[in-house]
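Note sheet for the following structure.
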Amino acid sequence: MQQPSPETRLRLYADMVRARYFEKRAYDLFLQGLLKGTTHLGLGQEAVAAGFAAAMRSDDMTFCTYRGHNHTLLRGAPMDALMGELLGRENGICGGKGGSMHLTDVAKGAMGSYAIVGAHLPVAAGAAWAAQVRDTGQVSVCFFGDGTTNIGAFHEAVNMAAVWSLPVVFVCENNLYMEYTPIDEVTPVEHPAADRAPAYGLDGIIVDGNDVDAVYEVAQRVLSRARDGAGPSLVEAKTYRHGGHSRADPGKYRPDEEVAEWMARDPIVLYRTRLEEFGIQPDELDRIETAATAEVDEATEVSKSAPAPGPDTLMTNVWADGGSAWRN
Amino acid sequence: MQQPSPETRLRLYADMVRARYFEKRAYDLFLQGLLKGTTHLGLGQEAVAAGFAAAMRSDDMTFCTYRGHNHTLLRGAPMDALMGELLGRENGICGGKGGSMHLTDVAKGAMGSYAIVGAHLPVAAGAAWAAQVRDTGQVSVCFFGDGTTNIGAFHEAVNMAAVWSLPVVFVCENNLYMEYTPIDEVTPVEHPAADRAPAYGLDGIIVDGNDVDAVYEVAQRVLSRARDGAGPSLVEAKTYRHGGHSRADPGKYRPDEEVAEWMARDPIVLYRTRLEEFGIQPDELDRIETAATAEVDEATEVSKSAPAPGPDTLMTNVWADGGSAWRN
Amino acid sequence: MAELTYRDAVARGIAQEMERDPSVVLIGEDVAKAGGVFKTTAGLLERFGPERVRDTPISEEAITGMIMGAAMNGLRPIGELMFSDFLATCWDIVANQIAKTRYMTDGQVSLPLVIRTANGGGARFGGQHSQSLENWAMAVPGLKVVAPSTPADVVGLLAGAIRDPDPVVFFEHKALFAGKGEVPDGEIVDALGTARVLREAPDITIVALAAMVPKALEAAAELAEHGIGAEVIDLRSLVPLDTATLFASVSKTSRLATVEENPRLAGWGAEIASIVTEEMFWDLDGPIVRVTTPHIPLPAADELEDLAIPSVERIVDTVRRTMA
Amino acid sequence: MAELTYRDAVARGIAQEMERDPSVVLIGEDVAKAGGVFKTTAGLLERFGPERVRDTPISEEAITGMIMGAAMNGLRPIGELMFSDFLATCWDIVANQIAKTRYMTDGQVSLPLVIRTANGGGARFGGQHSQSLENWAMAVPGLKVVAPSTPADVVGLLAGAIRDPDPVVFFEHKALFAGKGEVPDGEIVDALGTARVLREAPDITIVALAAMVPKALEAAAELAEHGIGAEVIDLRSLVPLDTATLFASVSKTSRLATVEENPRLAGWGAEIASIVTEEMFWDLDGPIVRVTTPHIPLPAADELEDLAIPSVERIVDTVRRTMA
Ligand SMILES: Cc1ncc(C[n+]2csc(CCOP(=O)(O)OP(=O)(O)O)c2C)c(N)n1
Ligand SMILES: Cc1ncc(C[n+]2csc(CCOP(=O)(O)OP(=O)(O)O)c2C)c(N)n1
Ligand SMILES: [Mg+2]
Ligand SMILES: [Mg+2]
């Protein structure tokens, strides 16, 4: 596998920064009461999304969870339409029907954010199966959390993918917690995904999920493997969320030292340091950050001033004919 | 672990023979149109049921599948009431409401036969959890097939049992087929249960399911482990069904040599040979067989002449008050 | 025109569509090599090959999840659930994912898929393999619900379901598999949401579905002997629902009976009765009566199962009582 | 008499029963250390210890399967499903196993268990975390179905459900959690199957459940200003169903409107409307009208969600139109 090129390095940095700033803004808007309902941030986990997105082909497919803002954004979904969706505005990527937990941009290969744990693993496998049957060379990449490895759908999907040798990559973002419960209190193995891989005839792959280069390297490897017809992979990326599980959860159930240790390994800070060591000029990195701020500001403004979805849209798009009629 | 005592040896033999004759009769009655619906026989798999039943304590709990006649009978359920249930008669163990796939005798610790693949694994774990909480020393033993290891409930139940260190024993009767499909065509590991055990921090245990002594030995070991508070076990017993999956299925999808090889390893024939080698007199074994025939004849007669369940029973026992009213 | 069993009509319908459209594929437990446990998919593997007709592990969440994903990426997949009771083992995928995805993505995602499944009682299989669950599917917005009563309808409605750009749950009735009927030659495609008036008569409308249709027809014949003219409508699909045909009939007869196999509470009969009560109240000459399986799990013994499932006799009695 | 939130009433009801009966235990995701994601089980771990209040992995089939097995072996377990939408992920255990076991074993097995779950919309959570699914449970023979509308009813009905020897699905409504109400001191136990007439009036009966109850009451107040006297009944449980209270009311008012949050088709409103149409047809002075969430998945945006769920205005309009 290649080391990332200088351009890729800058993209990886920019992607992480864009995701970070976008989600920080989402959090602010939540606290201001402009983002209703709930929101699950991937702050601190950006390297996983960035590393994979950079390695994927444009027609590859991403399946993610409620904690999927990073993934959807970094596949190329327009930031303003994502922000609009979070705010429940007409310009939302799903017209306000989806909300924070359900971002989808099919045109960009962001095939949906699924809010019921485990359900999207077989769906991702199915998209890969279609790629196999249609011989399109696409790979389906499916992100989920450590807690998800204990639900039945995980087992069925990974098994089926292995038996049919499907071009799908399952990526467990192990952030050590399923909501408020530490994963090791509810799992009898140390590595909830990697230690299960042999149960499906797969290798257990563990990667430092806060090192974007490492993620990018693994991503290239497992994507090639899938594209070459060698079947699925199950990757466990060790990472950590900076904040709580959702909404305003302060995450107090986590030991201070643990939080401090991981905050010190912020993937963006780590990567900035590395890039500077590689000789990239600080002001080039600063410019990336400034641009990201501008992009977030713009997306926020556009969305805040967008109208609410029209009342007529309530009854549209239940069916392919655009409507919702169940009778004549 | 002890070798089986002479009495236990005779019991193991008698149990296998009783189960065998009972099911052969069930098959005849099916062909005669007296047993309606469907029936899934465990012909050839008797050693698993017999070995475990002999090792269990009377207050231990058995959970099994539609292929559960052997298990239910060998925990002590009366043969006539089982036969009555197969024939849908009033004397049936479930009053004719259950049928061949749903034999239950709670008084004997036969906690039900479940016809939807996988569902009873968490139920068995739950009964074990109650034993743990109430400190009763009971063990819950759950039988299922190779095909069952690919459904989600298997994963959830074994995981939960491991995390909570529950006194439950999961026994996979690997008869090489899920209905008509060979298990190795739909499973990416060689041993569908044993190779998954490490995914739950458990040892993979494989036993020759046609050798009743071997099963009895393993059963004693895993039951003690569970009773000692050391947690669950996952046992894979290699075995084979003599007939088809259900009803009149001739099982033609199985290669002739494979069938021949396994028929030559009939657990009852093997055990009779071994017992004779141990010096047990053939006529003692013959007497066991004669008694079994008599028991089956009697159960058949009683059940054939029993009336159909009374029409009033249709509406009983939906609720604890004995009735079915959902309104006042 | 050939005589075909309902069972064979399933394979014929699938073959017709697989022939026409290479994106149609079929997966399920034992559907390929074994030709299905009910032999409804016999011959398809041989004809269309292992890439398009494929056996799966026992993994209903994977089966339904995979057809969903495949439908998102260019296929028109059919997934078989061996028994409709197993819908429960993948209900999240069916009800929470498949049904809701188009709406939640505001139309970005199309799911042209069909879930075929063997539904209904009468086979003495006991409570976990005998349920009529069409009301479960009807209660979930985003699912179309089809249940044919004849071999010809199996072919036509299956083709209609496969071509439909929305997800369809297609209920094949176990008690009808062995029955025969005439099936026209050549391609047959039926529109979903078209009920069929099978018998015209002036006094009362009886609506039925799947295995209840022949019983309703038999009951109507008996009722005629008692001087009651019963019109019989085969709904064929619950979603979309052909209320036009229903209303036309009730406005003529002014009376309605529903005959459904699902258990009583919140069944499809209740929906139909409520629609008519709300919209045609002033046309009604008497109460709407529902003949249903009682609100109990199904028993296995034949005498009990026969008592539980609506019988011709029960339909006749109920209608006569309400017309008295 | 203390003022309690609906949320706190849940913990109070569970605590009352755990105090009384050592066989009552509680499991679920984040129910113990975190006190529940809705804080409905706060304090229970501290009070009753880790053996009786226990966190589980994300394994809904295991949670429901385990409480079933535990109920078979001497416990009276309560299992929490964080959101009622997740019923779909364990529907086989709930609908095919728990509901059917007593009948299929002809009474050998008792399952004194409660599945508690957060139900309903209004929180802008989107289509997979907002459903009202009481009709799913009602459609399954063998399940009792309870849905309280006030803190006092939460305590009393939860106690009734826990003591009930049959399995109960207990729907707690998310939109009511923060609301307060008076709760009498001391032990409260309510019988399941007892509806409550909350407002007496002569012109029309409005039946409602859970979060629809306060809306029905508000609508009734507005209707009074338009000269329409609406009687309001809180059903409190769908199974058992208190038809006596319902019939008494309708025989007085001769009119009926149902207000339900579940989507339209085959909801509980259809069942109630059908029962009344069948049994009280000649008492009715006009059509029965149903106010429901439309037959669509729920949208996330606040303006859209508010349009979807029955509003006071929609209840008032529907009733006025039918009385016109
Ligand atoms: C089937 C199901 N059960 C429970 C939940 C509630 N829930 C939402 S997120 C979550 C924790 C998931 O943990 P993990 O898989 O580690 O992902 P993370 O949130 O840490 O990214 C839970 C329990 C759900 N959405 N779906
Ligand atoms: C959830 C579910 N899917 C499918 C079936 C249909 N079915 C009944 S038995 C069976 C095969 C089970 O194979 P295995 O677990 O190996 O048990 P065996 O029958 O060989 O004892 C299948 C697919 C079922 N009962 N439940
Ligand atoms: Mg996590
Ligand atoms: Mg097998």
Side-chain angles (χ1 to χ4, degrees), chain A residues 61 63 85 92-99 102-107 111-112 114-116 118-134 136 138 140 151-153 155-161 163-164 166 168 309 313 316-322 324-328, chain C residues 22-23 25 27 51-52 54 56-75 77 79 89-90 92-93 96-113 138 141-142 144 164-166 193-194 238-246 275:
Chain A
M61 297 166 289
F63 292 83
E85 192 62 31
I93 190 96
C94 300
K97 287 174 176 168
H102 300 288
L103 305 179
T104 301
D105 188 352
V106 168
M111 307 302 283
Y114 299 77
I116 298 194
H120 64 310
L121 279 78
V123 181
W129 168 48
Q132 183 185 65
V133 171
R134 296 173 51 228
T136 61
Q138 296 160 288
S140 176
I151 200 161
H155 180 68
E156 295 193 12
V158 182
N159 184 66
M160 191 94 150
V163 174
W164 289 13
L166 298 177
V168 56
T313 67
T316 60
N317 284 328
V318 172
W319 307 118
D321 66 8
S324 57
W326 47 269
R327 57 178 273 190
N328 59 20
Chain C
S23 70
V25 293
I27 63 171
E51 180 135 84
R52 295 181 65 192
R54 204 157 179 185
T56 68
I58 310 177
S59 306
E60 279 76 9
E61 287 197 288
I63 293 170
T64 48
M66 300 245 317
I67 61 171
M68 171 170 166
M72 292 172 91
N73 193 23
L75 296 183
T89 65
C90 52
D92 176 54
I93 306 285
N96 286 338
Q97 314 299 335
I98 288 175
K100 296 179 174 41
T101 293
R102 180 185 291 278
Y103 185 78
M104 287 176 53
T105 63
D106 204 22
Q108 290 185 61
V109 174
S110 266
L111 295 177
L113 61 83
M138 186 187 207
K144 293 184 175 170
D164 198 283
D166 289 309
T194 52
L238 294 175
V239 181
L241 185 68
D242 184 355
T243 49
T245 299
L246 174 70
I275 292 170

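Throughout, a chain's letter reflects where its sequence line sits, starting with A, and its residues are numbered from 1. Excluded from the calculations below are hydrogen atoms, water molecules and symmetry mates; all remaining heavy atoms, backbone and side chain alike, are included.
The choice from A/F63, A/Y114, A/W326 that makes the most heavy-atom pairs within less than 4.5 Å of chain C is A/W326. Ranking A/E85, A/H155, A/M61, A/H120 against chain C, the residue ahead of the rest is A/M61, based on heavy-atom pairs under 4.5 Å. Ranking C/M104, C/R52, C/R102 against chain A, the residue ahead of the rest is C/R102, based on heavy-atom pairs under 4.5 Å. Taking chain A as the reference chain and counting heavy-atom pairs below 4.5 Å, the highest number among C/P57, C/P141, C/P165 is found for C/P57. Options A/A153, A/G92, A/G152, A/A128 differ in how many heavy-atom pairs under 4.5 Å they form with chain C, and the most are formed by A/A153.
Nearest heavy-atom pair across A/T313 and C/Y103 is O-OH, 4.3 Å.
In this structure, the side chain of C/Q108 engages the main chain of A/I93 through a donor-acceptor pair within 3.5 Å. Remark: the backbone N or O of C/D242 is not paired with any side-chain donor or acceptor of A/N328 at under 3.5 angstrom.
If you measure heavy-atom distances from A/T316 to chain C, the contacts under 4.5 Å come from both the backbone and the side chain. Looking at C/I27, the atoms closer than 4.5 Å to chain A (heavy atoms on both sides) all sit in the side chain, from C-beta outward. Using a 4.5 Å cut-off between heavy atoms, C/I275 contacts chain A through its side chain alone, with no backbone atom that close. For a residue to count as touching a neighbouring chain, one of its non-hydrogen atoms must lie under 4.5 Å from one of that chain's; by this rule A/A124 does not touch chain C. In this structure, the portions of A/D105 lying under 4.5 Å from any heavy atom of chain C include both its backbone and its side chain. Heavy atoms closer than 4.5 Å to chain A are found in the side chain of C/Q97, but not in its backbone. Looking at A/A131, both its backbone and its side chain come within 4.5 Å of chain C, counting heavy atoms on both sides.
The side chain to side chain donor-acceptor pair (under 3.5 Å) check on C/K144 picks up C/D164, C/D166, with sequence neighbours excluded.
In this structure, OG1 on C/T105 lies 11.0 Å from NE2 on A/H102, to the nearest 0.5 angstrom.
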Acceptor/donor pairs from residues 62-75 of chain C side chains to any protein atom, 3.5 angstrom cut, sequence neighbours excluded:
residue: C/T64; atom: OG1; partner: C/E60; partner atom: O; Å: 2.8
residue: C/T64; atom: OG1; partner: C/E61; partner atom: O; Å: 3.4
residue: C/N73; atom: OD1; partner: A/R134; partner atom: NH1; Å: 3.3
residue: C/N73; atom: OD1; partner: A/Q138; partner atom: NE2; Å: 3.4
residue: C/N73; atom: ND2; partner: A/A127; partner atom: O; Å: 3.0
residue: C/N73; atom: ND2; partner: A/Q138; partner atom: OE1; Å: 3.0

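In this structure the side chain of A/W129 reaches within 4.5 angstrom of the side chain of C/P77, judged on heavy atoms.
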